[in-house]
Protein chains: 2
Amino acid sequence: MPDAAPDPIADFDLNAFLPYRLNAAAARVSRAFAERYRREFGISIAEWRVLAHLHAAGTVSVRDIEARAAMEKSKVSRAASRLEAAGYVSKAVNDADRRLVQLSLTREGRALVARLLPVAIRFQAELRESLGPRAEALDAALAVLLAPRREG
Amino acid sequence: MPDAAPDPIADFDLNAFLPYRLNAAAARVSRAFAERYRREFGISIAEWRVLAHLHAAGTVSVRDIEARAAMEKSKVSRAASRLEAAGYVSKAVNDADRRLVQLSLTREGRALVARLLPVAIRFQAELRESLGPRAEALDAALAVLLAPRREG
DNA sequence: AAAGATTCATTGCAGATGCAACAATGTCAA
DNA sequence: TTGACATTGTTGCATCTGCAATGAATCTTT
């Protein structure tokens with residue numbers, strides 16, 4: 001009898017499918033990270049992203065975070081409202097353009113970020129450690145996937 | 001003046017943070033894939049996963065798919081119900097163990113999968129093409145991230 | 001200056017999600 | 001056999017999400 005011809009349709013395996021694997025890996029990492037943040041600091045990943053961006057950028061608008069952190073503006077708005085209610089973020093109207101909301105960290109917000117960031121950096125370091133030399137390869141692959149879309 | 005010492009806390013950049021990048025890349029790929037599936041076939045990613053697993057495994061239970069496709073059982077249950085309502089999947093009670101639901105593809109379900117899989121395979125091929133040699137590196141990194149958790 | 005177009009942030013809404021509760025069924029030891 | 005415990009699938013519920021509609025402010029064009 002002839003050798004069995006490989007049939008990519010009959011042999012299709014979801015667990016070898018790249019989009020599925022990518023999603024499953026991201027979900028697992030996110031879950032572990034979110035769990036740590038929720039337990040230790042009581043904040044969500046969306047809130048963490050807003051805090052991290054405010055830490056880096058100072059006083060910015062919702063639109064700024066939407067653009068730079070790739071979050072829906074409604075998501076940013078809601079995360080910012082929760083952070084404001086918790087006392088970590090203040091909202092103010094921009095005098096030069098009264099449509100804009102100026103988000104900035106409060107004193108408590110800065111103190112929280114000072115505690116958050118070492119945990120995040122350590123989390124990333126653990127991840128890179130478990131990846132070993134594959135970490136750089138992963139960075140390169142993600143850079144391709146995250147590159148701006150071709151317009152064709 | 002001395003050279004500025006790199007300060008990982010002050011310099012923290014969300015867009016260089018591995019968990020964030022991994023999530024953003026997975027979200028982008030998933031969104032593109034889901035968009036194509038929704039437009040062409042009217043199904044969601046959860047439904048696609050159930051179909052793919054049924055294609056590979058034949059007649060299985062909800063619990064089987066939960067275990068092998070890493071989906072919450074409620075998610076599987078709801079996806080299966082939608083697929084049943086659409087005529088692609090049939091549910092039957094397992095006579096040997098009446099707690100189990102036997103899910104299997106209907107004739108229409110098999111026909112749909114025959115159209116779905118080439119699209120998925122082509123999508124993956126396009127992804128790998130844009131990654132070039134980095135595709136294998138990505139596979140290796142994802143294998144690490146997806147490896148069963150250490151128990152320590 | 002005024003009308004229309006554009007931008008910004010919030011909110012309503014529909015759909016998806018995860019968790020826990022639940023009912024139905026099965027297992028196993030006494 | 002019976003009664004405690006485990007497993008399976010569905011559903012209720014609270015939450016999150018993205019999209020679209022909205023209201024407020026600004027810009028543009030005439």
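All heavy atoms count here, side chains included; hydrogens, waters and symmetry mates do not. Per chain, numbering begins at 1; letters A, B, ... match sequence-line order.
Near-neighbour residues of DNA chain C inside residues 63-77 of chain A, defined by a heavy atom below 4.0 Å, number-ordered: Arg63(A), Lys73(A), Ser74(A), Ser77(A).
Residue-level contact check: Ser61(B) touches the backbone only, with heavy atoms under 4.0 Å from sugar-phosphate atoms and none from bases.
Scanning DNA chain D 5' to 3' for nucleotides with an atom closer than 4.0 angstrom to a non-hydrogen atom of chain B gives a first and last hit of dT7(D) to dC19(D). Contact footprint of chain A on DNA chain C: nucleotides with an atom under 4.0 Å from a non-hydrogen protein atom, first to last in 5' to 3' order, dT7(C) to dC19(C).
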Could you go step by step and tell me if Asp139(A) and Arg128(A) meet the salt bridge (charged side-chain N to carboxylate O under 4.0 Å, His left out) rule?
CA-CA 10 Å; Asp139(A) 281 331; Arg128(A) 289 187 181 280; 2.9 Å; yes
Walk me through whether Arg36(B) and Glu126(B) qualify under salt bridge (charged side-chain N to carboxylate O under 4.0 Å, His left out).
CA-CA 13 Å; Arg36(B) 193 180 292 194; Glu126(B) 289 171 6; 3.3 Å; yes
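Rounding to the nearest 0.5 Å places CZ of Arg39(B) at 5.0 Å from CD of Glu35(B).
Contact of the Leu54(A) side chain with the Leu103(A) side chain is registered, since non-hydrogen atoms from C-beta on lie closer than 4.5 Å. Residues His55(A) and Leu51(A) fail the side-chain proximity criterion, which asks for heavy atoms closer than 4.5 Å.
Nucleotides of DNA chain C nearest to Ser44(B) and Leu100(A) differ in position, and the one nearer the 5' end is that of Leu100(A). Mapping Glu47(A) and Arg98(A) onto DNA chain D by nearest heavy atom places Glu47(A) closer to the 5' end of the strand.
Residues Leu112(A) and Tyr37(A) share a single hydrophobic cluster, defined by chaining ILVMFWY side chains whose heavy atoms lie under 4.5 Å apart. Taking hydrophobic clusters as Ile, Leu, Val, Met, Phe, Trp and Tyr residues chained together by side-chain heavy-atom distances below 4.5 Å, Leu138(A) shares a cluster with Leu145(A).
Val50(A) pairs in a side chain to side chain contact (heavy atoms under 4.5 Å, CB included) with only one of the listed residues (Ile43(A), Ile65(A), Leu105(A)), which is Ile65(A).
Proximity of the aromatic rings of Tyr88(A) and Trp48(A) is defined here by a centroid distance below 6.0 angstrom, and this criterion is not met. A distance below 6.0 Å separates the ring centres of Phe33(B) and Phe17(A).
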